[in-house]
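Report on one structure; see the data block that follows.
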Amino acid sequence: KQEVTQIPAALSVPEGENLVLNCSFTDSAIYNLQWFRQDPGKGLTSLLLIQSSQREQTSGRLNASLDKSSGRSTLYIAASQPGDSATYLCAPENDYKLSFGAGTTVTVRA
Amino acid sequence: DAEITQSPRHKITETGRQVTLACHQTWNHNNMFWYRQDLGHGLRLIHYSYGVQDTNKGEVSDGYSVSRSNTEDLPLTLESAASSQTSVYFCASSAETRGRYEQYFGPGTRLTVT
């Protein structure tokens, strides 16, 4: 059974700081890993998908890295803005199924 | 635009009643999933389907059932609702695109069992 841990559970930073969100998983036989954003009371929005053959993926201010063999992924958000405040979820994929961590709740203070 | 929708968005029901939550996607995705999200547990997989007439149990399937009669829909049925099934339910779908299976989520259904 895939176990996913996200550290830290919560993070509060002033606007402009870079964010580093960590994710670890126990089963390295993954096909993909997705990072999602969830706003309070809302659904999940896919931010990035990294295939197991990739080491990193970038989209705008977001960069995600993947070290499959050690079971780790990191999401970097550059120059944070108050609009980045949300919960970020990491989800490795095994056999087309996602397993989720509890998430990191980010607050960016103006 | 293609999308995934869930209905109802909010539902209050009584213990023991049968409840069906609808999920409809217009992407023609083969894979569809149901998750529940609870504080302290994150998202957990209830049931999933890889195509028409295919259904499989996930991590927390007791008390739930699904059926897949077409590509677009995967309804989730609570046979006899219990207070422990009060939760937010998310439907998702995916298909292969250039070697990637990216999952897309619906807006969720908030279910309260009284």
Side-chain angles (χ1 to χ4, degrees), chain A residues 1-10 21 23-27 29-54 56-57 59 62 64 66 68 73 86-105, chain B residues 2-7 9-10 21 23 25 27 29-51 54-61 74 87-112:
Chain A
K1 178 178 180 286
Q2 180 75 276
E3 302 285 350
V4 183
T5 303
Q6 290 189 245
I7 294 172
L21 311 180
C23 170
S24 61
F25 47 94
T26 55
D27 182 355
I30 65 170
Y31 191 73
N32 292 326
L33 185 143
Q34 276 185 261
W35 280 93
F36 293 90
R37 169 188 173 132
Q38 186 175 31
D39 293 294
K42 303 292 186 183
L44 279 69
T45 301
S46 182
L47 296 174
L48 288 167
L49 181 149
I50 313 178
Q51 293 177 271
S52 59
S53 58
Q54 296 178 303
E56 66 178 61
Q57 187 71 246
S59 176
L62 305 180
L66 175 64
K68 182 182 161 185
S73 178
T87 296
Y88 292 83
L89 300 166
C90 162
E93 179 203 324
N94 301 83
D95 298 325
Y96 315 124
K97 301 188 295 291
L98 298 180
S99 299
F100 285 86
T104 295
T105 298
Chain B
E3 61 177 355
I4 183 166
T5 57
Q6 294 183 235
S7 62
R9 295 294 314 279
H10 301 271
L21 308 183
C23 174
Q25 52 97 3
W27 283 300
H29 285 172
N30 288 329
N31 306 330
M32 295 186 72
F33 309 85
W34 274 104
Y35 298 87
R36 61 179 287 175
Q37 185 175 34
D38 305 286
L39 282 174
H41 286 283
L43 277 96
R44 293 179 290 173
L45 184 63
I46 305 171
H47 279 286
Y48 57 100
S49 169
Y50 293 150
D54 176 75
T55 61
N56 305 279
K57 294 181 179 180
E59 179 187 359
V60 289
S61 60
L74 187 69
S87 187
V88 180
Y89 291 86
F90 289 101
C91 178
S93 70
S94 74
E96 188 272 338
T97 304
R98 295 191 298 274
R100 298 152 49 101
Y101 284 88
E102 188 166 2
Q103 278 197 24
Y104 298 92
F105 279 73
T109 293
R110 184 173 295 276
L111 177 69
T112 302

Margin query: Checking A:Thr87 against A:Thr105: is there a side-chain donor and acceptor pair closer than 3.5 Å?
Written below: yes

Run the salt bridge (Lys or Arg N to Asp or Glu O under 4.0 Å) check on B:Arg44 and B:Asp38 step by step: do they pass?
-> CA-CA 9 Å; B:Arg44 293 179 290 173; B:Asp38 305 286; 3.0 Å; yes

What pairs of donor and acceptor atoms, side-chain ones from residues 38-50 of chain A against any protein atom, are under 3.5 angstrom apart with sequence neighbours left out?
| unit_1 | atom_1 | unit_2 | atom_2 | d |
| --- | --- | --- | --- | --- |
| A:Gln38 | OE1 | B:Gln37 | NE2 | 2.9 |
| A:Gln38 | NE2 | A:Lys42 | O | 2.8 |
| A:Gln38 | NE2 | B:Gln37 | OE1 | 3.0 |
| A:Asp39 | OD1 | A:Arg37 | NE | 3.3 |
| A:Asp39 | OD1 | A:Arg37 | NH2 | 2.9 |
| A:Asp39 | OD2 | A:Arg37 | NE | 3.3 |
| A:Ser46 | OG | A:Gln34 | NE2 | 3.0 |
| A:Ser46 | OG | B:Glu102 | OE2 | 2.7 |

Side chain from CB out, backbone as N, CA, C, O: work out which of these in [X] comes under 4.5 Å of a heavy atom of chain A, or both, or neither.
X: B:Tyr101; result: both
X: B:Leu43; result: both
X: B:Glu59; result: side chain

Between A:Thr104 (side chain only) and A:Pro8 (backbone N and O only), is there a donor and an acceptor less than 3.5 Å apart?
yes

Taking the six-membered ring for Trp, are A:Tyr96 and B:Tyr50 parallel (under 30°), tilted (30 to 60°) or perpendicular (over 60°)?
perpendicular

Assert top hit (heavy-atom pairs under 4.5 Å, partner chain A, pool B:Phe33, B:Phe90, B:Tyr104) equals B:Phe90

Honestly, the part of A:Lys97 sitting under 4.5 Å from a heavy atom of chain B is both

